[in-house]
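Please read the structure below before turning to the comments.
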Amino acid sequence: MKVENVKPPKTPADAGSLHKKMMQLLSSLWVTHAIGTFARLGLADAMDAGADNAEAIAKPRGLITDRVYRLLRALSTCGIVTESAGGRFALTPLGRMLTSNAPNSMRTSAELLTEYNGEIWGHLDGALEGGIAFEALKGKPLFNWLHANPEEGARFQRMMFEVHSPETPAIVAAYDFSQFKQIIDVGGGHGMLLSAIIAAHPHVRGTLFDLKEGVDAAKRGAGGPLPGVTFTAGDVFETVPAGADAYLFRHLLHDYDDDDCIKMLKNVRRAMKPDSRVLVLEKTVPTDDTPGPGRWLDLHVMLLTGGRERTVQEYQALFEKADLKLARVLPTAHPAVEIVEVVAAP
């Protein structure tokens, strides 16, 4: 008799456990916003500078001591701070990530994910009927809005650095970039990935191709040194610099619907040489119930830009419509990114 590989049935939960779990899910919004406020108001920075009680943190900022104490007390339940006798508080290593100067700071991310990136979720009901939540909130598409608001564009680039920087060493280690002489990073933003590739392979020459906000961030050194790199501001929907050995698309295609992705990919197809590679650096969505953040990120990009996360099969269909062919999907040591290698269709 063939024994099927099936998961054993889970033990049914009692009503009390179900209620507790549902309350945890519904109240997770409280935790997110408390962390955002803690970062945005500089309370983590105050503690990092030595303030260890609610009064010392609150008074210089014109805040109410009792209310700051209650915020800190709540944050002590989720590992951001610890509380000791006498109302003394200390940052944990996790909480220190919300300071401005931490090497692995996530302060900007905590701010933005509780500002417009959080507000768009209030438009999920309407988004299921059509439209893009960010545009309903701000009146124009995300990248147009960032272009019109340079300070917000700089904050967005900072968040991208914070969110994606841990992936960079994993990408560089997982693929042989030394085979290329010229790499174009399409939508390369702050230039972190190109910087890391060139540091590992100094003979590689690179072009950072992005909208003005991204190019400006890269020129400021936001993503690290970029020796010998050419900075080109432009729009991937119009044209892409020609002749590179590899074109990088890092967390770019997921920001757009299929039609827009096909336009971008067709422009790259026209620009690439017969033996060029296109490297799509995303995390594909599994087609089973394997855990992973992709299913939730899929909803977020749907609300933010109208984009989507994709399965391998969905990427394959996109590539074929742009006269490209999926070659292979390589894992990396980071759970949030894979290397999807694409070649010209024969």
Side-chain angles (χ1 to χ4, degrees), residues 32-33 35-49 80 91 93-121 134 137-138 140-172 185-197 199 208-226 229 231 233 248-252 254-255 281-282 293 297 300-301 303-305 307 334 336-337:
T32 302
H33 278 278
I35 292 171
T37 292
F38 183 68
R40 185 166 30 254
L41 298 185
L43 308 189
D45 282 342
M47 294 184 68
D48 198 42
I80 302 298
L91 278 176
L94 183 65
R96 193 159 285 110
M97 294 178 70
L98 300 171
T99 64
S100 301
N101 298 319
N104 57 347
S105 175
M106 293 286 287
R107 177 177 177 172
T108 302
S109 300
E111 294 172 359
L112 292 186
L113 289 171
T114 52
E115 294 173 16
Y116 63 82
N117 277 275
E119 293 167 8
I120 57 175
W121 281 87
F134 182 88
L137 183 70
K138 297 293 189 181
K140 58 179 65 176
L142 171 67
F143 296 111
N144 298 60
W145 183 76
L146 294 174
H147 181 73
N149 296 274
E151 289 185 4
E152 291 296 337
R155 294 177 77 206
F156 180 83
Q157 290 295 336
R158 175 63 195 175
M159 182 175 74
M160 292 298 96
F161 179 86
E162 292 178 358
V163 170
H164 297 308
S165 59
E167 302 169 0
T168 302
I171 293 170
V172 175
D185 194 351
V186 180
H190 39 61
M192 174 173 48
L193 178 57
L194 205 51
S195 178
I197 291 171
L208 190 137
F209 179 72
D210 202 346
L211 298 173
K212 182 178 182 299
E213 299 80 56
V215 170
D216 288 347
K219 286 181 175 179
R220 290 194 302 270
L226 291 164
V229 166
F231 300 98
L248 310 182
F249 279 76
R250 184 181 188 182
H251 297 301
L252 178 62
H254 80 155
D255 285 330
L281 308 170
E282 307 265 10
L297 183 58
H300 188 72
V301 294
L303 295 168
L304 190 63
T305 63
H334 195 286
V337 67

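Everything numeric here is computed off the predicted structure, so don't read it as measured data. Note: hydrogens, waters and symmetry copies are ignored here, and every other heavy atom, side chains too, is used. For the single chain, residues carry numbers from 1 onward in sequence order.
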Residues two or more places apart in sequence or in another chain: which of them pass side chain to side chain contact (heavy atoms under 4.5 Å, CB included) with [X]?
X    : result
P93  : none
P141 : E135, N144
T32  : T114

Main-chain N/O of G307 paired with D255 side-chain donor or acceptor, under 3.5 Å: no

Nearest heavy atoms of [X] and [Y], plus distance in Å:
X    : Y    : result
A233 : F209 : C-CE1, 4.4 Å
A102 : R96  : CB-O, 3.4 Å
L252 : F249 : CD2-CD2, 3.5 Å
G224 : S195 : C-OG, 3.5 Å
R40  : A110 : NH1-O, 4.5 Å

Check: [Y] and [X] side chains under 4.5 Å, non-hydrogen atoms:
X    : Y    : value
I197 : L248 : yes
F134 : T305 : no
F161 : T108 : no
H300 : I120 : yes
L146 : F143 : yes
L91  : T99  : yes

Drop me the distance from [X]'s [atom1] to [Y]'s [atom2], to the nearest 0.5 angstrom.
X    : Y    : atom1 : atom2 : value
L142 : L137 : CG    : CG    : 11.0 Å
I171 : L281 : CD1   : CG    : 5.0 Å
K138 : E119 : NZ    : CD    : 6.0 Å

Qualifying residues under side chain to side chain donor-acceptor pair (under 3.5 Å), relative to [X], sequence neighbours excluded:
X    : value
S109 : E162
S165 : none
T168 : R250

Any pair counted as salt bridge (charged side-chain N to carboxylate O under 4.0 Å, His left out), so long as it reaches residues 142-154, sequence neighbours left out: E152-R155

Going by ring-ring contact (aromatic ring centres under 6.0 Å, His included), name the residues that satisfy it together with H254, two or more places apart in sequence or in a different chain. H251

Contacts of type ring-ring contact (aromatic ring centres under 6.0 Å, His included), residue F231, not counting sequence neighbours: none

Would W145 and F156 count as a side-chain contact (heavy atoms from CB on, under 4.5 Å) if you check the C-alpha gap in whole Å, the side-chain angles of each, and the deciding distance to 0.1 Å? CA-CA 11 Å; W145 183 76; F156 180 83; over 6 Å; no

Does a sphere of radius 6.0 Å around CG in N101 hold more than 12 heavy atoms from other residues, nucleotides or ligands, not counting ones at 6.0 Å or beyond? no

Salt bridge (Lys or Arg N to Asp or Glu O under 4.0 Å) against E282, all qualifying residues, sequence neighbours excluded: none

Under the salt bridge (Lys or Arg N to Asp or Glu O under 4.0 Å) test, which residues partner R107, sequence neighbours left out? D45, E111

Taking distance alone, no hydrogens or angles, what donor-acceptor pairs closer than 3.5 Å link side-chain atoms of residues 211-223 to residues at least two apart or in another chain?
unit_1 : atom_1 : unit_2 : atom_2 : d
K212   : NZ     : D216   : OD2    : 2.7
E213   : OE2    : H147   : ND1    : 2.5

